[in-house]
Structure formats: C-alpha cells, structure tokens
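Report on one structure; see the data block that follows.
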Amino acid sequence: MSEEKKDLGDKAEEAFDKAKDAAKEAAEEAKEAASDFKEDVKETFDPKNPDSGKTVALIAHLTLIGWIIAIIMNSSNKTEIGSFYVRQVLGIFLVGFVLGIIPVVNLIGWIFPVILWVISLIGAINGTQKPVFLVGEHFQNWFKSL
C-alpha cells in the first residue's frame with residue numbers, strides 16, 4: 001500500500017512540475033504579447049503619427065462618453081487635430097444643450113447642432129481642421145485650454 005502511495009505521490013509531483021513549466025511558458029508568451037501590444041499602442045497614438053489625432057477626432061464625435069474618452073486620449077498625447085476637434089465637439093454639445101433648454105426653439109434648435117456635428121464629423125474623417133460655420137472660431141478661442 002505504501003508503494004501505491006509513493007507512485008501516486010511521484011505522479012502528482014511530476015504533474016505539478018509539468019504544470020509549473022507550462023505556466024512559465026504561458027507567462028513568457030503573455031509578456032511577449034503584451035510587449036507587442038504596447039508597441040502597437042505607442043505607434044497608433046504617437047503624436048507624430050497623423051492618424052493618431054484623426055482617431056481622437058473621430059472618437060470625440062461619438063456621444064458624450066466618446067468625447068470624454070477622446071479628451072483623456074488627447075491629454076496623454078496631444079495632437080493639433082485631436083485638440084481642435086475636442087474643442088469643436090464640446091462647443092457643439094453646449095450649443096445643443098442651450099438650444100434644447102429654451103422652450104420656444106427646442107425642436108428647431110436641435111437641427112442646428114446636428115448640422116454642425118455632421119459638418120465637423122466630415123472634417124474629422126477627412127483629417128482637415130475646418131471650423132464649423134458661425135461658431136467654430138469662437139469654440140477654438142473659448143476652449144483654448146483643452
């Protein structure tokens with residue numbers, strides 16, 4: 001009976017060693033994958049990469065949550081186009097909010113911000129810094145700190 005326990009103990013120890021080796025290999029593979037991912041992220045959001053700012057600009061147009069994500073992304077790696085569209089979209093959101101509060105122009109007041117948003121989105125997709133008409137230059141001046 002003690003030999004059976006000894007064989008069982010040896011098998012358990014052998015299985016434990018195999019599992020330990022497999023875990024070490026998996027950890028090394030995970031470290032390598034994480035390193036590759038980190039390099040890709042640095043390249044994607046590098047301020048010298050022109051598409052980096054474009055990504056931030058596009059994300060800024062996706063609801064208020066997208067704008068918050070864009071402002072966080074832009075604060076770590078500021079790009080000119082990213083900052084431009086963060087300011088534009090903030091201004092468009094504020095215009096929409098103000099016009100939405102005023103009872104007389106509530107329904108009609110939402111059409112103007114939607115038009116501004118579409119024009120701004122088209123500019124972000126094209127990668128150009130074209131301020132929206134009437135108020136775009138004001139947004140850039142008012143929100144310089146962003």
Side-chain angles (χ1 to χ4, degrees), residues 7-146:
D7 289 340
L8 189 58
D10 290 342
K11 288 180 182 178
E13 190 175 320
E14 185 178 309
F16 178 74
D17 289 340
K18 284 182 182 178
K20 201 162 120 178
D21 291 340
K24 283 182 183 178
E25 288 177 21
E28 288 174 14
E29 288 175 8
K31 282 182 184 178
E32 188 175 308
S35 176
D36 291 345
F37 179 74
K38 188 176 180 181
E39 295 286 325
D40 290 344
V41 167
K42 280 183 182 178
E43 183 179 320
T44 301
F45 296 110
D46 183 15
K48 296 172 187 160
N49 181 357
D51 290 337
S52 166
K54 190 174 176 181
T55 304
V56 171
L58 292 173
I59 291 173
H61 286 84
L62 304 175
T63 70
L64 182 60
I65 294 171
W67 182 82
I68 292 169
I69 291 169
I71 202 166
I72 292 169
M73 289 171 57
N74 194 50
S75 67
S76 62
N77 291 324
K78 280 208 183 272
T79 60
E80 190 174 332
I81 191 167
S83 296
F84 179 84
Y85 280 104
V86 164
R87 291 188 293 263
Q88 288 289 299
V89 174
L90 175 61
I92 293 168
F93 284 158
L94 292 176
V95 166
F97 180 73
V98 169
L99 292 177
I101 290 176
I102 303 170
V104 177
V105 294
N106 189 350
L107 183 60
I108 297 170
W110 278 103
I111 295 171
F112 182 63
V114 168
I115 292 170
L116 294 179
W117 181 83
V118 168
I119 291 169
S120 179
L121 180 63
I122 290 170
I125 290 170
N126 292 333
T128 60
Q129 294 183 19
K130 184 178 179 189
V132 293
F133 62 93
L134 296 178
V135 289
E137 289 296 329
H138 296 292
F139 296 158
Q140 295 305 312
N141 292 330
W142 293 339
F143 308 121
K144 286 180 186 174
S145 62
L146 295 179

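This one's a predicted model, so the numbers in the text were calculated from it and none came from an experiment.
- Note that the CD1 atom of Ile102 and the CZ atom of Phe97 stand 11.0 Å from one another [nearest 0.5 Å].
- Rounded to the nearest 0.5 angstrom, Leu90 CG and Tyr85 OH are separated by 15.0 Å.
- Atom CH2 of Trp142 and atom CG of Leu94 lie 9.0 Å apart (nearest 0.5 Å).
- Across every non-hydrogen atom of Gln88 and Ser120, the tightest pair is CB-OG, 4.1 Å.
- Atom CD1 in Ile122 sits 9.0 Å away from atom NZ in Lys130 (nearest 0.5 Å).
- For the pair Lys54 (side chain) and Ile125 (backbone), a donor-acceptor distance under 3.5 Å is present.
- With contacts defined as side-chain heavy-atom distances shorter than 4.5 Å, the pair Phe84/Pro131 qualifies.
- Between the CG atom of Asn74 and the CD1 atom of Ile59 there is a distance of 10.5 Å, given to the nearest 0.5 Å.
- Remark: Lys24 does not engage Glu28 in a salt bridge, criterion side-chain N to carboxylate O under 4.0 Å.
- At distances below 3.5 Å, at least one donor-acceptor pair connects side-chain atoms of Trp67 with backbone N or O atoms of Val86.
- Nearest heavy-atom pair across Gly82 and Val56 is CA-CG1, 3.9 Å.
- The environment of Ile65 atom CD1 is sparse: at most 12 non-hydrogen atoms of other residues, nucleotides or ligands sit within 6.0 angstrom.
- Smallest separation of non-hydrogen atoms from Val89 and His61: CG2-NE2, 3.5 Å.
- Summarising the geometry of Phe112 relative to Leu99, their closest heavy-atom pair is CD2-CD1, 4.1 Å, with the distance given to 0.1 Å.
- The two atoms that bring Thr128 and Ile81 nearest to each other are N-CD1, 4.1 Å, heavy atoms only.
- Residues Leu121 and Leu58 share a closest heavy-atom pair of CD1-CD2, 4.1 Å.
- In this structure, CD1 on Ile68 lies 8.5 Å from OG1 on Thr63, to the nearest 0.5 angstrom.
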